[in-house]
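Following: one structure in structure tokens, then a few remarks.
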Amino acid sequence: MRSLRSLRSFLSPHPQLYTVQMSIRVRFAPSPTGHLHVGNVRTALYNWLFARQKSGAFILRIEDTDLDRSEKRYEEQLMDDLKWLGLSWDEGVDIGGGCGPYRQTDRFDLYTRYADRLLKAGKAYYCFCSVEELEREREAQLKAGSQPHYQGKCRAIAPEEAGRRRDQGEEATLRLKIRDGIVGFRDLVFGPLEVDCDVIGDFILLRSDGSAQYNFACVVDDACMQITHVIRGEGHISNTYRQILLYEALDLSLPQFAHLSTILGKDGAKLSKRHGATSIDEFRRRGYLPEALINYLTLLGWAPERDGREILTPEELVEEFSLERVNRSPAIFDPDKLNWVNRSHLKKADPTRIVRLALPHLEEAGLVPKEADSETSRWAADCIGFLINHVDKLEDLPAEFSRTFSFDPEAGLAAPEVQEVVSQTGAREVIAAFADYLNERDFVDFDVYREAVNAVKAQTGQKGKNLFHPIRVSVTAQASGPELEKLIPLLERGSRLPLPKKVMSARDRARQVKGMLA
RNA sequence: GUCCCCAUCGUCUAGCCGGCCUAGGACACCGCCCUUUCACGGCGGCAACGCGGGUUCGAAUCCCGCUGGGGACGCCA
């Protein structure tokens, strides 16, 4: 099977066309050394989209060979984040699978076995150089204007002697003997890529403590896990050459490679905390919808074939995605567009889900009681449905809520734009008439509000802006805001509820504004 | 420093196996319309092929150079 595939890859300029019926296996292999970052997430996402579209397997492998920096809690959080996004995997540390274990620290003996193979075949050798020595070599090369790399000093040590020195307890790393010539491959997004082997240098396979170095572990794992497509960040292109050399040395068939360009911040530098939210956990907390993040991140570096449609569900993205259309150039992360995408999904989403997700934000802000009675819950749900069209993300809801339901005529009336409304001809009459009308009513619902508007209109002869602007001021002390005919009934209902922050009814508001303007 | 990669509106991009491009869409921004107010929505506007050489009847599209940006060069991944 394998040799057949590599033969086809060799013969065809588009090997992927010939492998479609084979079951595709991709993997996301993060190292648990920090929070899951948007860049990493996009890599996971593209792997996932590709796997799902081709009905292949998506594998989650934990690359924790950096013992100093890896932490269990990051591993757990990373899986939480992925699950939240809906990027489900078919094999992984938590669920197992046929090619486990899926954590590299659980696979050390495997690496040792492969290392032995290379050593016995004379393709790898022990290196006794000290870090200081290597550092000096590096600096010398840098100064000489060449690309620094290990020059193979310890290649000359006879295997017997190396063995003896190791037996005597001397520390050594294991290095791969690099061949001469050119290493190259056809990248699925970048096209043909190659480099001269002599800029590479014999790299380390096993560290002096016996643990596997990244490139080595990665190749052994990808091969053992029968990964067919390696989709990862652009930064790995230079590793790919090394890894291909390893596949050759181990006589393993090559997977396909697809590298993804880097995501940058607004200033063109690699995206980091300075650019605001970057960990996906943070986006979750801020009230972005997972499908919105998926949507936006997929669009970052990729565009659907027929343009125009940009708001797509994960299912639609799976259907339309294609590695061939992935862009080579780095993309800048644009929070404005993310917000737009999120807003669009917020509008599309099931209202009860939105209420469930939004409520905690209002509760945290102390605007709605945590243990609310059914009347209050219903009111809160209606408020959320009412305000959701005005926010980009759920975290904006409390501010929008406060702005809408609090009432501060003192400050409001002083604002220039409100002053302007009040000084319109007939504005004060409208405000007074409106207050008087509401004052005679017990309960102000939608119908009463409409009656009030018509009565005031008839009484004052004002209409349009001259009618509605003053009414808005009388009820909100603001010059703009959400739909009055929905707001006013909500104010009325809210005013009768045991809320942490009392909501004042439209009637009381109008009376107060009238009084202040009199 | 060396090697590798990238280069269309401010941003994401379509186009890139040359003519259909007076370069299309989206975000943001501005204006208008709708709505008896506001918002939503609709319509419209602003705005790009980095520069210089080739190749060609013809180049955003192909080639070279420059410039700019990014990445890599670890006993990190």
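A, B, ... follow the sequence lines: proteins, then strands. Residue 1 opens every chain.
In terms of polar N and O atoms assigned as donor or acceptor, the side chain of A:Ser261 never comes within less than 3.5 Å of the base of B:C6 in a complementary pairing. Side-chain to base pairing of A:Lys337 with B:A26: one donor and one acceptor N or O lie within less than 3.5 Å of each other. For a distance-only test at 3.5 Å, the side chain of A:Asn239 qualifies as a donor-acceptor partner of the base of B:A77.
With respect to A:Lys153 and A:Glu137, no salt bridge is recorded, no charged nitrogen being found less than 4.0 Å from a carboxylate O. Taking the charged nitrogens against the carboxylate oxygens, A:Asp396 and A:Arg286 have no contact shorter than 4.0 Å, which rules out a salt bridge.
A close approach under 4.0 Å does occur between a side-chain nitrogen or oxygen of A:Lys347 and OP1 or OP2 of B:G41. Taking only side-chain nitrogens and oxygens, A:Arg403 never comes nearer than 4.0 Å to OP1 or OP2 of B:C38. OP1 or OP2 of B:G74 has not a single side-chain nitrogen or oxygen of A:Asn215 nearer than 4.0 Å. Proximity of A:Arg343 to the phosphate of B:A28: a side-chain N or O atom is located under 4.0 Å from OP1 or OP2. Look at A:Ser329 and you won't find any side-chain N or O under 4.0 angstrom from OP1 or OP2 of B:C5. The phosphate of B:G74 has OP1 or OP2 within less than 4.0 Å of a side-chain N or O from A:Arg138. Taking side-chain N and O atoms only, A:Lys465 has a distance below 4.0 Å to OP1 or OP2 of B:C38.
Taking the side chain of A:Asp66 as heavy atoms from C-beta on, and the options B:U13, B:C38, B:A77, the nearest nucleotide is B:A77. For A:Asp336, the listed nucleotide lying nearest its side chain is B:A28; candidates were B:A72, B:U37, B:A28. For A:Val199, the side-chain atoms get nearest to B:C3 when compared with the rest of B:A72, B:G25, B:C3.
Using a 4.0 Å heavy-atom distance criterion, A:Phe190 is classed as a sugar-phosphate-only contact.
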